[in-house]
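Below, read A as the first sequence line, B as the second, and so on, with proteins coming before strands; counting in each chain starts at 1.
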Protein chains: 2
Amino acid sequence: MATAEVPRTLTDKSARTQERIRAAAARILSERGIATARLGDIAAAAGVQAPAIYYYYASREELIEDVIRLGQIGTEARVTQAIEELDGHTPALEKICVAVEAHLRALHELSDYTTAAVRNVGQMPTEMRERMRADQRRYGRVWKRLFEQARDQGELRAGLDLRTAQLLVIGALNWTPEWWADSRVPLETLVTTACELTRHGLASDPVAP
Amino acid sequence: MATAEVPRTLTDKSARTQERIRAAAARILSERGIATARLGDIAAAAGVQAPAIYYYYASREELIEDVIRLGQIGTEARVTQAIEELDGHTPALEKICVAVEAHLRALHELSDYTTAAVRNVGQMPTEMRERMRADQRRYGRVWKRLFEQARDQGELRAGLDLRTAQLLVIGALNWTPEWWADSRVPLETLVTTACELTRHGLASDPVAP
DNA sequence: GTCTATATCTTGATAGAC
DNA sequence: GTCTATCAAGATATAGAC
């Protein structure tokens, strides 16, 4: 975690203040884009003055990167855990559905961090993006493995371009923060619809209900 | 078109310069986000100095809004035209595929305007977003009609939430600018994969190849 | 029509008091 | 640890020459 060099324990006031700042930054980043997220606004939302942020972070960029990274890692953790909890004999296509559900729930249930990460991926300055690349690739490989398993077990429709299909599915999920909050649709409906679309979209055979 | 109040014909130098400025803004907005798009960079890309922009636009915001609106309208025009060119007896599900293809081609073939529009939808300041809402709703209704037709003709799987399915499909397409440029996949592969996923994802019956 | 020069405003960041 | 006060940088926007 990229904090300033001030040593301190997890139980004191300081840690709570940093958490407030981080959470405020996550909320603002999840609503607006990186560039419109002003330090002053973040500080106000956290109930401190702007300079207080510099006690915890060396720069605005460091704070933003911390938030996005936490969101990224949090999503991966959720999805990975959901998959690992599955029975060893679960069909690969079913695993993909579980990943779809976990990714969606991370985005909309877990916290502002995940939404902040997704909505700002394309807006990161170059160096930040490069530092983040390793995390992104690792998460991408989680999905890649699922798709390869499904293909190897003959569950995918023949001729499907694996990588393209994978990125289209993830894209459908990652775009949901742009519209779901305004919609009157319950999260359950979003989850089941996304699973249905994905399963039938990818499956080689008509899918049992 | 939101230009300044200086009257002039379409054939003179002035119109060409404005077009250069607008195109430069579109390119920069399609690469970075709204907030990192500096007026100076746009001017440089257009081959003028920053103050020259104010001969054509009253403010930075007006220029950006012009670009996004053109992209939005351009996408809708492409999709609408592609659908209207179809034979009257085309199945509704096939129409949706044509819309998917047209939307993707508008994004990746047509111009920077469309990509600029999609990548910056979520970053617009409040008032700009409100002014743009009518255009967005109109485009949404184009898709909505397609989905309703498909449902009414029994081509959609029963129990599918129409609006959610529609927004997931469009989301998958709108997210492609985040990754497709780096990918080594030809546009044709992207188009056919997206059509396949959509068709099988939505269809009530196994789809003929 | 487009430029140079400059005014003005916003915001990230620092200094130092408490 | 957090604040007030302030600086420095960078951006939008304007004035006025050409």
Side-chain angles (χ1 to χ4, degrees), chain A residues 2-25 28-29 32-68 120 123-128, chain B residues 1-25 28-29 32-67 120 123-128:
Chain A
T3 62
E5 64 280 351
V6 185
R8 88 202 82 80
T9 69
L10 279 171
T11 50
D12 65 3
K13 180 180 169 195
S14 173
R16 288 198 306 274
T17 304
Q18 182 180 26
E19 178 53 35
R20 281 211 324 277
I21 292 172
R22 208 157 39 191
I28 289 185
L29 281 174
R32 327 180 205 161
I34 279 186
T36 39
R38 286 187 288 274
L39 267 189
D41 298 341
I42 293 172
V48 296
Q49 296 296 317
I53 293 177
Y54 288 90
Y55 180 76
Y56 301 97
Y57 292 96
S59 68
R60 172 181 183 270
E61 237 190 36
E62 206 180 82
L63 166 60
I64 290 175
E65 185 168 336
D66 196 21
V67 167
I68 294 183
N120 290 285
Q123 301 178 55
M124 290 187 289
T126 323
E127 311 91 42
M128 194 188 292
Chain B
M1 195 160 28
T3 60
E5 64 281 350
V6 185
R8 87 201 82 80
T9 70
L10 279 170
T11 50
D12 66 3
K13 181 180 170 194
S14 174
R16 288 198 305 274
T17 303
Q18 183 181 25
E19 176 54 35
R20 280 208 328 273
I21 291 172
R22 207 158 39 195
I28 289 185
L29 281 174
R32 327 180 204 162
I34 278 187
T36 39
R38 285 187 289 274
L39 224 39
D41 297 343
I42 294 173
V48 298
Q49 296 297 315
I53 293 177
Y54 287 89
Y55 180 76
Y56 303 97
Y57 292 96
S59 69
R60 172 181 182 271
E61 234 187 40
E62 206 179 82
L63 165 60
I64 289 176
E65 185 168 337
D66 196 21
V67 167
N120 289 286
Q123 300 177 55
M124 290 187 290
T126 324
E127 311 92 42
M128 194 187 291

From [atom1] of [X] over to [atom2] of [N], roughly how many Å is that when rounded to an integer?
X: Gln49(A); N: dT6(D); atom1: CD; atom2: P; answer: 15 Å
X: Arg20(A); N: dT2(D); atom1: CZ; atom2: C1'; answer: 11 Å
X: Tyr57(A); N: dT2(D); atom1: OH; atom2: P; answer: 13 Å
X: Tyr55(A); N: dA15(C); atom1: OH; atom2: P; answer: 17 Å
X: Ile42(A); N: dT10(C); atom1: CD1; atom2: C1'; answer: 16 Å

Side chain to side chain contact (heavy atoms under 4.5 Å, CB included) against Ala44(A), all qualifying residues, sequence neighbours excluded: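 Testing Ala44(A) for side chain to side chain contact (heavy atoms under 4.5 Å, CB included), a comparison that skips the adjacent residues, returns none.
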Non-neighbouring partners of Ala43(A) that pass side chain to side chain contact (heavy atoms under 4.5 Å, CB included), sequence neighbours left out: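 For Ala43(A), the residues satisfying side chain to side chain contact (heavy atoms under 4.5 Å, CB included) (neighbours in sequence not counted) are Val48(A), Ala50(A), Ile53(A).
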Would you tabulate the pairs of protein nitrogen or oxygen atoms and nucleotide nitrogen or oxygen atoms of nucleotides 12-16 of chain D closer than 3.5 angstrom?
from: dT12(D); atom 1: OP1; to: Leu39(B); atom 2: N; distance (Å): 2.9
from: dT12(D); atom 1: OP1; to: Arg60(B); atom 2: NE; distance (Å): 3.0
from: dT12(D); atom 1: OP2; to: Leu39(B); atom 2: N; distance (Å): 3.2
from: dA13(D); atom 1: OP2; to: Tyr54(B); atom 2: OH; distance (Å): 2.5
from: dA13(D); atom 1: OP2; to: Arg60(B); atom 2: N; distance (Å): 2.8
from: dA13(D); atom 1: O5'; to: Tyr54(B); atom 2: OH; distance (Å): 3.1

Any Tyr56(A) side-chain N or O less than 4.0 Å from OP1/OP2 of dT2(D):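 True: Tyr56(A) side-chain N/O within range (under 4.0 Å) of dT2(D) OP1/OP2.
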Residue-phosphate contact under 4.0 Å: Thr17(B) side-chain N/O, dG1(C) OP1/OP2: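 So the side-chain polar atoms of Thr17(B) never come under 4.0 Å of the phosphate oxygens OP1 or OP2 of dG1(C).
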Rounded distance [0.5 Å steps], CD1 in Ile42(B) versus CZ in Arg60(B):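 One finds 7.0 Å between CD1 of Ile42(B) and CZ of Arg60(B).
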Compile the donor-acceptor pairs under 3.5 Å between side chains in residues 32-41 of chain A and protein atoms, sequence neighbours left out, one pair per line.
from: Arg32(A); atom 1: NH1; to: Thr36(A); atom 2: O; distance (Å): 3.3
from: Arg32(A); atom 1: NH1; to: Asp41(A); atom 2: OD2; distance (Å): 3.0
from: Thr36(A); atom 1: OG1; to: Gly33(A); atom 2: N; distance (Å): 3.4
from: Thr36(A); atom 1: OG1; to: Gly33(A); atom 2: O; distance (Å): 3.2

Side chains of Tyr55(A) and Gln18(A) in contact at under 4.5 Å (non-hydrogen atoms):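 No, every pair of side-chain atoms sits at 4.5 Å or beyond.
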Test side chain to side chain donor-acceptor pair (under 3.5 Å) applied to Glu19(B) - qualifying residues, sequence neighbours left out: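 Listed in chain order: Arg22(B), Tyr113(B).
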